[in-house]
Number of protein chains: 2
Amino acid sequence: MSRQPARPDDEAAFLAAYDPRDFPAIALTVDIVVLTMREGRLNVLLVERAGPPFQGCWALPGGFVKAGQEGLDEAAARELAEETGLSAGALRRVHLEQLGSYGAPGRDPRMPVVSVAYLAFAPDLPDPRAGGDAARAQWTPVVGLHGGGTGDRHATDRHSADPHSTDPRSTDPRSTDRPATDRELAFDHAQILADALDRARAKLEYTPLATAFLAPEFTVPELRAVYEEIWGEKLHPGNFHRKVLSVPGFVESTGETAERGGSRGGPRARLYRAGDARLLHPALLRPDREEGVR
Amino acid sequence: MSRQPARPDDEAAFLAAYDPRDFPAIALTVDIVVLTMREGRLNVLLVERAGPPFQGCWALPGGFVKAGQEGLDEAAARELAEETGLSAGALRRVHLEQLGSYGAPGRDPRMPVVSVAYLAFAPDLPDPRAGGDAARAQWTPVVGLHGGGTGDRHATDRHSADPHSTDPRSTDPRSTDRPATDRELAFDHAQILADALDRARAKLEYTPLATAFLAPEFTVPELRAVYEEIWGEKLHPGNFHRKVLSVPGFVESTGETAERGGSRGGPRARLYRAGDARLLHPALLRPDREEGVR
DNA sequence: TGAATAGTGTCTTTGAGACAGTATCGA
DNA sequence: TCGATACTGTCTCAAAGACACTATTCA
């Protein structure tokens with residue numbers, strides 16, 4: 001980075017040599033795709049935009065980076081805390097990672113804005129409070145949402161916005177009082193959400209992060225439900241169970257069993273905690289991505 | 001993104017409501033880790049900084065994003081073309097993907113600068129020309145470089161700079177005339193390079209991108225040499241050969257054979273082209289990451 | 001009591017890796 | 001001629017998936 005336009009000897013000279021026409025003002029934001037499980041369904045946190053552009057549209061929570069005062073990870077953590085109203089303690093159980101940056105020209109009709117997108121995995125969280133500048137905030141089932149669906153499981157390297165994709169300004173998805181579902185997302189947030197889901201699906205293969213969606217103690221069937229919901233397909237219960245227990249460091253037994261059996265019958269399952277593995281070896285690969293994925 | 005500090009009805013109102021103390025000026029750059037193979041070794045393109053800070057230091061090539069005029073991918077492609085002097089045609093054979101964004105406070109001593117890092121895989125390229133504001137530009141073997149080495153193969157999610165890492169200003173690695181090797185890199189570029197190498201090592205497992213380092217026609221032993229150099233370990237020639245040919249879409253035969261055999265004897269190898277697969281199924285997993293990677 | 005589920009055993013198939021062997025080339 | 005290498009064959013082992021089975025729980 002930081003090739004400068006001239007060769008200043010100090011900051012004053014640098015600023016003098018700086019030509020704002022070469023580098024017009026640019027704004028930097030962080031947007032967060034917060035995923036959680038509610039009633040067995042994958043949900044994403046959305047906020048309703050109180051002002052233009054895209055007034056009345058739903059969007060990913062986020063905000064401006066306080067340049068010079070915080071790093072990108074810090075900014076994302078701050079926004080996450082503000083939007084969810086979570087305590088620092090509760091936030092420690094949330095997984096937060098950088099997803100990628102989006103900077104297609106015109107993605108924000110007002111001015112050049114580059115957004116650094118983050119991805120968060122959270123256990124079942126309380127209903128969000130509507131933050132200052134958001135009209136409403138709510139958990140929204142991912143299914144049926146634009147950018148939801150099963151997604152292109154094999155898409156790669158979509159970290160940056162595709163300049164050929166639909167210009168968000170060419171449609172006007174705002175409306176007055178529809179729920180978050182069945183709504184287009186503001187800006188290029190549908191693309192960000194789609195990329196986030198791709199990343200989440202891949203992460204479940206190689207990391208134990210599925211446990212981040214569950215309470216500190218959980219059963220293997222609960223863990224399997226997370227995989228089934230995010231991957232969008234049923235898994236073989238017996239093989240899944242054996243597989244999870246065979247991967248070193250994935251889960252560790254508490255010695256306890258769940259209070260009740262399954263809702264539709266069956267024995268009470270044993271309880272586990274997340275293990276200390278950060279990567280799964282061997283990985284839990286998704287069942288046959290249809291052959292011919294060339 | 002783009003939660004605004006107030007609720008303006010148009011751009012004028014937005015600018016009026018904008019408090020520069022809340023969102024001080026921030027600069028956005030792209031930096032590129034261009035990897036290529038030269039004489040069997042993995043090389044990275046570095047430029048010598050002509051001005052402060054870090055004057056005389058080697059750094060990754062990059063530059064400011066022309067806000068509003070180009071997307072991030074475009075900016076990276078433009079910088080790549082400028083620094084390597086490659087034609088548009090030659091650039092089509094180069095793989096370019098976003099690596100992540102780095103924005104730790106103080107990473108640039110002059111002002112808040114966030115850098116979007118890109119990763120490029122290129123076949124053997126000619127010597128770079130020194131760009132306008134770089135004193136020199138040269139290919140540098142990755143081995144022995146800070147951030148080179150075998151790297152932490154299991155590090156994940158290091159997309160953003162670690163605020164706890166060494167402040168680049170606390171050392172003064174500049175000097176007068178040492179080669180690029182044995183030099184600290186400017187800013188947090190050692191971290192970016194390390195992350196890039198981690199990404200490259202992982203990409204070789206799941207994608208056929210190793211072919212991006214080779215000429216359009218190549219032999220299986222040449223392909224194996226790429227894997228061995230980037231992974232830093234010898235592979236079993238026989239098993240590697242069978243594996244490559246068994247993965248659908250990885251390589252396709254040209255029917256020809258190489259002009260000469262190996263430099264130290266042996267039969268002439270058959271020639272292949274890159275296939276149409278974008279993901280490898282099954283993957284070419286690295287040999288035993290030592291057990292106990294928890 | 002019946003249906004659904006937790007968890008285990010076992011068999012088959014696939015793929016990774018070790019090893020050996022043959023043919024071909026450079027020096 | 002010798003040594004190195006390309007490539008193939010074969011064996012073993014690990015892991016994934018299909019299937020079957022028992023035990024336990026809810027309704």
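All chains are named by letter (A, B, ...) in the order of the sequence lines, taking the proteins before the strands, and each is independently numbered beginning at 1.
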Participant: How about A:Arg41 and A:Met37: do any of their side-chain heavy atoms sit closer than 4.5 Å?
Facilitator: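 Side-chain contact under 4.5 Å: no.
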Participant: In whole angstroms, how far is the P atom of C:dG17 from the NZ atom of B:Lys234?
Facilitator: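 That distance rounds to 17 Å.
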Participant: Could you state the CZ-C1' distance from A:Arg224 to C:dG7, rounded to the nearest angstrom?
Facilitator: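 Nearest whole value for this atom pair: 11 Å.
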Participant: OP1 or OP2 of C:dT10 sitting under 4.0 Å from any side-chain N/O of A:Arg242?
Facilitator: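 For A:Arg242, the contact criterion (side-chain N or O under 4.0 Å from OP1 or OP2 of C:dT10) is not met.
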Participant: What nucleic acid atoms does B:Pro237 come within less than 4.0 Å of, heavy atoms only: base, sugar-phosphate, or nothing?
Facilitator: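 No contact.
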Participant: Please report, to 0.1 Å, the donor-acceptor pairs under 3.5 Å made by any side chain of residues 212-225 of chain A, with sequence neighbours excluded.
Facilitator:
from	atom 1	to	atom 2	distance (Å)
A:Thr219	OG1	A:Glu222	N	3.2
A:Glu222	OE1	A:Thr219	N	3.0

Participant: Heavy atoms, side chains only, cut-off 4.5 Å: are B:Phe250 and B:Leu284 in contact?
Facilitator: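 Result yes, sub-4.5 Å side-chain heavy-atom pair found.
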Participant: Nearest to the side chain of B:Ala269 - D:dA6, D:dT10, D:dC19?
Facilitator: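 Output: D:dA6.
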Participant: Using the rule given for side chain to side chain donor-acceptor pair (under 3.5 Å), can you reason through B:Gln191 versus B:His189, listing the C-alpha separation, both sets of side-chain angles and the distance that settles it, and then say yes or no?
Facilitator: CA-CA 5 Å; B:Gln191 181 65 53; B:His189 289 188; over 6 Å; no
Participant: Could you pick out which residue, B:Leu284 or A:Glu222, lies toward the 5' side of DNA chain C when each is mapped onto its nearest nucleotide?
Facilitator: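 Between the two, 5'-proximity favours A:Glu222.
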Participant: Between the protein and nucleotides 21-25 of chain C, which nitrogen or oxygen pairs are less than 3.5 angstrom apart?
Facilitator:
from	atom 1	to	atom 2	distance (Å)
C:dT24	O2	B:Pro267	N	3.2
C:dC25	OP1	B:Arg268	NE	3.4
C:dC25	O4'	B:Gly266	O	3.1
C:dC25	O2	B:Gly266	N	2.8

Participant: Starting at atom CG of A:Leu235, determine the distance to atom P of C:dA6, rounded to an integer number of angstrom.
Facilitator: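 That distance rounds to 13 Å.
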Participant: Would you say that A:Leu245 contacts A:Glu252 through its side chain, given a criterion of any heavy-atom pair below 4.5 Å between the two side chains?
Facilitator: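 The answer is no, as the side chains (C-beta and beyond) never meet within the 4.5 Å cut-off.
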Participant: Give the minimum heavy-atom separation between B:Leu60 and B:Ile192, together with the two atoms involved.
Facilitator: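 Looks like CD1-CG2, 3.7 Å.
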Participant: When you check the phosphate oxygens OP1 and OP2 of C:dT8, does a side-chain N or O of A:His241 lie under 4.0 Å from one of them?
Facilitator: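 The answer is yes; a side-chain N or O of A:His241 sits under 4.0 Å from OP1 or OP2.
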Participant: Remember a base hit wins even if backbone is also touched, and classify B:Thr219 as base, sugar-phosphate or nothing at under 4.0 Å, heavy atoms.
Facilitator: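 It contacts nothing in the nucleic acid.
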Participant: Rounding to a whole Å, what distance do you find between A:Leu285:CG and C:dG15:P?
Facilitator: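 Atom-to-atom, A:Leu285 to C:dG15, this comes out as 12 Å.
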Participant: Is any side-chain heavy atom of A:Arg278 closer than 4.5 Å to a side-chain heavy atom of A:Pro208?
Facilitator: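 No, too far: nothing below the 4.5 Å cut-off.
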Participant: Rounding to an integer number of Å, can you tell me how far B:Leu223 CG sits from D:dA6 C1'?
Facilitator: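 Spelled out: CG on B:Leu223 to C1' on D:dA6 is 14 Å.
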Participant: Does A:Arg270 make a side-chain N or O approach to OP1 or OP2 of C:dT5 shorter than 4.0 Å?
Facilitator: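 A:Arg270 to C:dT5 OP1/OP2: no side-chain N or O under 4.0 Å.
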Participant: Round to the nearest Å and state the distance from B:His281 atom NE2 to C:dT14 atom C1'.
Facilitator: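 To the nearest whole Å, that distance equals 15 Å.
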Participant: In whole angstrom, give the distance that lies between atom CG of B:Leu245 and atom P of D:dA6.
Facilitator: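 It is 13 Å, rounded to the nearest whole Å.
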Participant: Return the value, rounded to whole Å, for the distance between atom CG of B:Asn239 and atom C1' of D:dT10.
Facilitator: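 These atoms are roughly 11 Å apart.
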Participant: Between A:Val220 and B:His236, which residue's closest nucleotide on DNA chain C lies nearer the 5′ terminus?
Facilitator: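 Final value for this comparison: A:Val220.
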Participant: Select base, sugar-phosphate, or nothing to describe what B:Ala283 touches, counting heavy atoms under 4.0 Å on all strands.
Facilitator: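 The residue B:Ala283 makes sugar-phosphate contact but no base contact.
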